[in-house]
Amino acid sequence: MLFLYPLVILLSSVSVCVLVLGSDPVLLDQRNRCHSRLKQLHGQQVTVHTPPNITGHWVSNSCEVRPGPEFLTRSYRFFPNGSFQALQFFYRDPDCSEPSSSLLIRGSVRPQRGSWLVHGGTFSEVHVSRVQLQCLQTTCDPDPDRSMQELTLMRLELRAEELFLGDVHTERAQRSLHQPAGYQSPLRSAKAECRGVCQIVSSADLHHPPVLPARPERPVRLQGSWVSTRCEVRPGVLFLTRQLTFHEDSQTWTGQYDHFSDPVCRHPTFSISASGRYSRGAPSAAIGGAVEFTFTVTHMMVTPMDVATTFLLSAFRGRECGAEGSWKLGVPQDVTSTSGCAALGVRLPHMEYELFRAGQDPSGHSLLYNGQRPSDGSSPDRPERRPTSFQPPLIRCERHERDQPFRLSAGAGPNALDTLPAAAALVLLHTLM
Ligand SMILES: *[C@@H]1O[C@H](CO)[C@@H](O)[C@H](O)[C@H]1NC(C)=O
Ligand SMILES: *[C@@H]1O[C@H](CO)[C@@H](O)[C@H](O)[C@H]1NC(C)=O
């Protein structure tokens with residue numbers, strides 16, 4: 001559910017929210033904060049070199065979670081002659097405080113050209129020459145992935161010195177041949193101001209893995225409004241920002257997903273707003289501190305934001321995508337009555353098995369993580385497909401960490417922006433290309 005893309009700044013969608021939720025000043029305040037955060041994100045100046053000069057030492061800034069789940073930290077060195085030494089440290093716990101094995105992968109990498117799969121990324125040729133595995137427990141569990149497919153896609157953002165490397169496939173068996181179409185959480189340069197996690201990871205070696213401090217468990221509380229921290233990329237050449245609002249007392253949620261054609265989210269293509277219900281399940285057995293949820297999407301509105309998408313949606317007129325027929329640029333249509341939108345591949349009602357986790361950024365702001373979508377574009381619509389890793393975090397849109405009671409105004413239905421199955425967006429985008 002939440003995996004898609006959220007967010008909407010569009011006039012129409014905002015006014016919908018205001019109508020529904022307008023009577024609650026706390027929520028309005030949060031939404032305004034979300035709104036201004038998003039405005040800053042859209043079209044933000046980001047300096048990127050293609051191909052990038054990645055010479056240097058790059059390290060994880062936190063304990064990372066890969067599908068499985070696998071818990072790891074990374075410490076990668078790239079030399080001027082094109083060779084690299086990639087250290088990966090694996091752990092038994094989601095704090096990365098109990099190391100289980102270390103992997104040293106040597107090889108060479110040559111950035112080539114702009115990626116055809118991910119606009120704004122660089123495709124690189126990678127050659128692995130040597131792999132060394134060091135077991136720190138009696139058994140190396142899990143046996144790590146020894147390929148370096150992640151280096152075939154990279155993006156270096158100079159402003160914050162962040163190196164984004166390609167994603168790993170959510171199915172382990174697919175990893176060694178996977179062509180990345182999205183990114184993992186970025187590595188940071190170990191050059192400057194490297195303290196805390198950065199310092200611990202950058203000074204480790206194959207035989208002395210970094211041991212991160214165990215963190216107190218942060219309770220998962222969804223209540224309130226949350227927004228993307230950056231322009232996010234989804235497999236299939238999709239860029240988006242998300243804004244999600246949860247009402248714990250009524251167990252309803254709304255989501256707004258603004259889609260863009262470019263990697264800094266400057267050129268909007270369409271927006272989706274969705275809403276529905278959710279229910280909290282058990283604490284995750286796989287990832288300590290995470291909590292299972294189920295989500296349903298019951299209402300959805302679609303707003304075409306450029307001429308190509310308007311044209312595409314109009315071609316579906318009268319065929320299971322909105323009752324009114326013709327689509328107009330910037331004008332939202334409710335697609336609930338047609339059980340979704342065939343052009344987007346979205347069917348309502350839709351149910352998803354989710355995983356949430358709470359976090360905190362370096363400045364102490366609350367972060368919320370929800371599950372990564374399957375790499376094959378399918379939907380986590382069965383319990384066994386529940387995610388075991390996370391999307392980029394959302395940040396809470398308020399200054400203070402208080403939980404305020406919140407209520408939908410009387411008589412208003414849950415009118416929200418939901419999430420779409422990722423596959424839906426893929427269908428649309430592929431058609432556009
Ligand atoms: C890349 O950056 C390194 C230092 O960060 C520098 O020594 C090297 O000359 C640069 N390479 C190119 C091709 O600009
Ligand atoms: C490239 O440079 C690194 C570090 O200076 C060195 O260890 C490695 O042997 C060099 N590789 C080649 C192929 O020259």
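Remember, it's 1-based here, ligands and their atoms both numbered in the order they're listed.
Using modelled atom types and a 3.5 Å distance limit, the side chains of Gln184 and Arg66 yield a donor-acceptor pair.
Aromatic ring orientation, Tyr278 versus Phe293: tilted (interplanar angle from 30° to 60°). Taking the six-membered ring for Trp and thresholds of 30 and 60 degrees, His42 and Phe260 have ring planes inclined between 30 and 60 degrees apart.
At a threshold of 4.0 Å, the pair Arg357-Glu292 does not count as salt-bridged, since none of the basic side-chain nitrogens sits closer than that to a carboxylate oxygen.
Within a 6.0 Å radius of CD in Gln44, more than 12 heavy atoms belonging to other residues, nucleotides or ligands are found.
Glu150 pairs with exactly one of Arg74, Arg175, Arg155 by the salt bridge (charged side-chain N to carboxylate O under 4.0 Å, His left out) rule, that one being Arg74.
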Between ligand 2 and the protein, which N/O pairs are shorter than 3.5 Å?
| residue | atom | partner | partner atom | Å |
| --- | --- | --- | --- | --- |
| ligand 2 | 2 (O) | Asn81 | OD1 | 3.4 |
| ligand 2 | 2 (O) | Asn81 | ND2 | 2.5 |
| ligand 2 | 11 (N) | Asn81 | ND2 | 2.9 |
| ligand 2 | 14 (O) | Asn81 | ND2 | 3.2 |

